[in-house]
Every structure is written in C-alpha cells, then in structure tokens.
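Everything numeric here is computed off the predicted structure, so don't read it as measured data. In each ligand, atom 1 is the first atom listed, and ligand 1 is the first ligand listed.
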Amino acid sequence: MDNKVYVFDTTLRDGEQVPGCQLNTIEKIEVAKQLEKLGVDVIEAGFPISSPGDFNSVVEISKAVSNPTICALTRAVKKDIEVAADALKFAKRGRIHTGIGTSPYHIYQKLNSNPDEIIERAVAAVKYARQFVDDVEFYAEDAGRSENEYLARVVEAVIGAGATVVNIPDTTGYCLPSEYGAKIAYLVNNVPNVDKAILSTHCHNDLGMATANTLSGVINGARQVEVTLNGLGERAGNTALEEVVMAIKCHKDLDFKTDIDAKQIIKTSKLVSTLMRMPVQANKAIVGRNAFAHSSGIHQDGVLKNRETYEIIDPADVGVKESSIVLTARSGRAALKHRLQVLGYDLTTEKLDQVYKNFLVLADSKKDISDEDLEILVGHEKKEERVLKLDKFQVMCGKSCIPSATVTLNYNGKILTETATGDGPVDAAFSAIQKIVPIKVTLEEYLVQAVTRGSDDIGKVHVQLSENGRTVHGFGANVDILTASVWAYLDALSKLV
Ligand code: KIV
Ligand code: ZN
C-alpha cells in the first residue's frame with residue numbers, strides 16, 4: 001500500500017459550520033489560497049445547495065486555486081448533486097462528496113428508512129454524481145456508530161457504483177482509537193473491491209480523540225485524512241490538520257508522508273483564527289501561543305542546553321521563529337542569564353546573583369517579567385514612565401465615510417498630533433501613530449478578546465510588532481476596544497523606541 005496520506009481540508013465546510021465563524025467569499029478565497037500554499041490535496045469548499053453564498057464560494061474558489069482538488073458537499077439527493085456539479089464547473093479537478101447516514105439512528109429515526117433502501121439511495125447518488133465528475137467521494141454518515149458488517153456492504157456497493165474515495169466519518173466523535181482503527185481494518189479485510197478506492201478518516205473531537213482516531217485509521221489502512229486548521233468544527237471540532245501532519249512527520253517509524261509544507265502551518269493557523277474570529281487556546285498542540293514556550297526553571301535550563309531535551313518539534317519546522325523562554329517566578333538563573341544576554345547584558349556571577357534575587361521578588365508579584373522589567377532590574381533603565389504616552393485620540397468611522405483617526409502622543413515629553421486614514425478605525429489610529437513614531441514596524445498579530453460576554457464588557461487587545469527581527473508584544477484592556485487597541489500598540493511600540 002502506498003504510504004502517501006492525502007490531506008483533505010474541510011475548514012471551509014465543516015469548520016465554517018461553527019456559529020460565528022462564517023466567512024464571506026473574499027475571505028474564503030484568501031483561506032483557500034493559503035491552503036494551496038500549505039499543500040493540501042483537497043479543499044472542501046462548501047455545500048453549494050445550502051445557500052447562494054456557499055454556491056458562489058465554491059465557484060470562486062474553483063477559479064482561484066489550481067493545485068488542490070476542489071470538493072463540494074451534497075446529500076444523496078439529485079438536486080444537491082446537480083447544484084454541486086454546477087458550482088464546480090470552473091474547477092480544474094472537481095470532486096462531489098455525497099452520502100447518507102448508515103447508523104441505526106440515521107437509518108430508522110432520521111431517515112425513517114431501512115438498511116437495503118439506504119444502500120439503494122447511496123448507490124444511486126454515487127452513480128448520478130459520476131455522470132458529472134470522475135471523482136466522487138461517498139460518506140457513510142455516523143459510520144463510527146454503524147455496524148461494521150453493514151458498513152462493509154455499503155462500502156462495497158458504493159465502490160461498485162464508482163466512488164473513488166469512501167469516507168468513514170465518526171460524526172459524533174464516539175469511537176475509541178482502537179475501535180476506529182478496527183473499523184478501518186475490518187473494511188480493508190472484508191470489502192472485496194476496497195483496492196479500487198481510497199478510505200478516508202473524518203473524525204470529530206467530542207471525546208478529545210479525533211487525532212488519535214485519525215492516526216489509528218491511517219495505521220489500519222486509510223489513506224486520506226479529513227481535517228481542519230486549529231481543529232475547528234462543530235461542537236468540540238474536527239481533527240486538527242497540524243496535529244496529524246506533525247505526528248506523521250515526528251514519527252518517522254510510521255513511514256507515512258504528506259505533501260504539507262509544515263513551515264506554512266502557523267501562518268495558516270493565524271489566518272484562519274483571525275478571519276474566523278476564533279482565538280486558538282494558548283496550550284493548543286503545535287499552534288497554541290504556549291506550544292513552544294518554556295516557563296519552569298528545569299525545562300528552561302534543559303532547552304537552553306539542548307532544545308531537544310524538552311521539544312519534539314523544532315519550532316522553525318512549523319513556521320515559529322524560535323521557542324520562547326517565559327520568565328516567571330519558576331525560572332532559574334540559566335534562563336535569566338540567557339535572556340539578559342539576548343538583551344546585550346553579560347553580567348558577572350555576583351551581579352547576576354543580585355539581579356536574580358531582585359528578579360524573584362518582582363516575579364512573585366507579577367505574572368511574567370518583560371524585557372523592560374529586566375532592564376530596570378539590571379539598572380540600565382530607571383524610567384518609571386514610558387517614552388510614548390497617549391494624550392488623546394479621536395476616530396471617525398461609519399458605513400459611508402473613510403475611517404480616520406487623529407492621535408496626540410506625548411513622545412519623550414513633546415506633544416505631537418497626526419491624522420491618518422485606514423481600512424478601519426484601528427488601522428487609521430495605528431497609521432497616525434506610525435506618522436508620529438517613524439520606526440518601520442510590521443504588525444504581526446492583532447487579537448481582540450472579550451473578558452466575559454456582553455457589549456459593555458472589557459475588551460483585551462494583544463498586539464505583536466516586529467522590527468528588524470526583533471519581536472515585541474503589547475497589551476491593552478478597556479471597555480472601549482479602540483482605546484484598548486491604541487494602548488496595546490503603544491505598549492508594544494514603546495519597547496522598540
Ligand atoms: O461529520 C460528518 O459526518 C460529516 C459528513 C457530512 C462528511 O461532516
Ligand atoms: Zn463532520
């Protein structure tokens with residue numbers, strides 16, 4: 001059996017079904033183009049019959065990308081299949097993904113049918129879809145809770161009808177890894193024509209086992225994985241692309257390969273998170289803010305001696321510049337010394353001991369210690385006040401006006417005012433600040449989070465800026481999200497001026 005595992009990305013279909021994550025067509029094209037750079041084999045671009053917007057997105061994505069196969073979802077219904085085929089008319093390689101439920105819940109309750117009739121409907125849908133495209137994938141919805149013998153009959157029938165890929169979804173995220181793997185193995189061993197199609201995994205994460213189930217499926221013979229970036233998807237989400245790809249990459253012993261360019265993972269994850277307004281949890285595997293951050297003294301010491309002591313992945317391999325050593329009360333001398341060296345301070349042992357003592361006192365009262373705090377501790381920077389302070393600002397925005405902002409800053413004691421326009425009020429305010437402080441910085445990340453729910457809630461803004469390879473973070477919190485944004489930007493910029 002070939003060891004290439006095809007990566008089928010469904011961020012734009014299963015991921016996009018999440019409330020609040022809907023994208024417009026332009027945003028979907030942006031994600032699709034990045035998925036193409038990432039190297040996915042298939043992009044599931046939407047469910048064309050579900051809305052004119054979804055139809056249009058499938059059309060436009062088909063025009064915008066050329067390498068990946070573009071896939072459109074349907075039910076086992078003629079009209080769905082016709083509409084999907086129409087939406088795929090510009091795709092260089094188009095695939096129709098049709099299917100029906102095969103578990104007792106679906107057969108008897110949802111569809112009010114019986115097992116033989118479901119097979120007839122499945123076969124008819126695949127044959128009909130094959131009249132429009134050569135590549136037809138069939139999904140056996142709720143295969144995770146479907147009986148294996150019956151599932152094998154369904155799979156044999158749809159392959160006989162022309163399915164090129166057969167998807168075995170654990171729709172409710174119910175299976176254990178051993179159970180899901182055994183299901184795939186059962187199909188590999190009991191479906192006579194199984195070699196005529198590729199078996200695909202499609203796992204949901206309701207019990208937190210989506211990645212484990214997917215890998216178990218691959219180990220037992222599946223050669224396509226259906227995944228989303230950041231594990232986005234209904235309820236607890238789908239299998240995370242980054243987790244499966246990196247597990248395959250780290251475990252050379254498994255001897256599988258994908259065509260994913262792992263260095264594009266972080267960029268793609270950030271794009272999806274920003275456009276879908278879905279922050280990634282800090283401790284999320286591979287793409288979380290803390291995935292390569294070391295905070296305990298023992299770990300920091302180990303990583304500084306040899307990265308591999310506590311890291312199985314080189315952060316650079318997934319597009320992260322470097323692992324970070326977060327200075328907290330649990331950090332040891334080695335981490336402090338390293339950070340000070342990065343900042344340009346080579347201290348004698350006595351001076352380092354003194355700074356370390358003061359560092360521990362400060363770290364007990366502060367969550368983490370910034371570079372600026374260290375400078376104060378070392379005694380090179382005694383200023384209580386920032387060089388950059390917000391005096392006042394005003395923004396103008398609305399449906400039919402060009403967003404503009406006027407910002408007044410106290411910059412080294414001088415009061416300076418500038419006005420700028422932008423794509424939105426935040427962009428305008430940042431541009432006005434840039435006019436006052438002409439350092440060429442790049443805005444790497446801008447993240448807004450509400451502390452609790454409600455429009456009168458405090459908004460927290462994180463900003464990441466970079467200048468000549470140096471990266472700084474800024475933070476602001478206010479009930480007014482624009483004020484929080486400006487504060488966060490100035491907080492970061494102050495560290496560069
Ligand atoms: O989870 C599922 O069963 C699905 C199918 C529509 C493929 O998303
Ligand atoms: Zn799904």
Near Y186 OH, under 6.0 Å, is it more than 12 heavy atoms from other residues, nucleotides or ligands?
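Yes - once you tally the heavy atoms of other residues, nucleotides and ligands closer than 6.0 Å, there are more than 12.
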Is it true that atom CD1 of I402 has more than 12 heavy atoms of other residues, nucleotides or ligands lying nearer than 6.0 Å?
no
Is it the case that the side chain of [X] and the backbone of [Y] share a donor-acceptor pair, with hydrogens and angles ignored and the cut-off at 3.5 Å?
X: N24; Y: E27; value: yes
X: T10; Y: D14; value: yes
X: E179; Y: L176; value: yes

Name the residues in contact with ligand 1, where contact means a heavy atom under 4.0 Å away: which are they?
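Contacting ligand 1 under 4.0 Å are R13, D14, H97, Y139, E141, N167, P169, T171, H202, H204.
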Under a 4.0 Å N-O cut-off, is there an ion pair linking K284 with E242?
yes
Walk me through whether E141 and T171 qualify under side-chain hydrogen bond (donor to acceptor under 3.5 Å, both in side chains).
CA-CA 6 Å; E141 195 177 1; T171 307; 4.9 Å; no
Aromatic ring centroids of Y446 and H462 under 6.0 Å?
no
Could you pull out the N/O/S protein atoms under 2.8 Å of the Zn ion (ligand 2), ignoring any water?
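Listed by chain and number, the atoms are D14 OD2, H202 NE2, H204 NE2.
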Does the structure place the NZ or CZ of R145 under 6.0 Å from the centre of the six-membered ring of Y105, at an angle of no more than 45° from the ring's axis?
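Ring-cation test returns yes.
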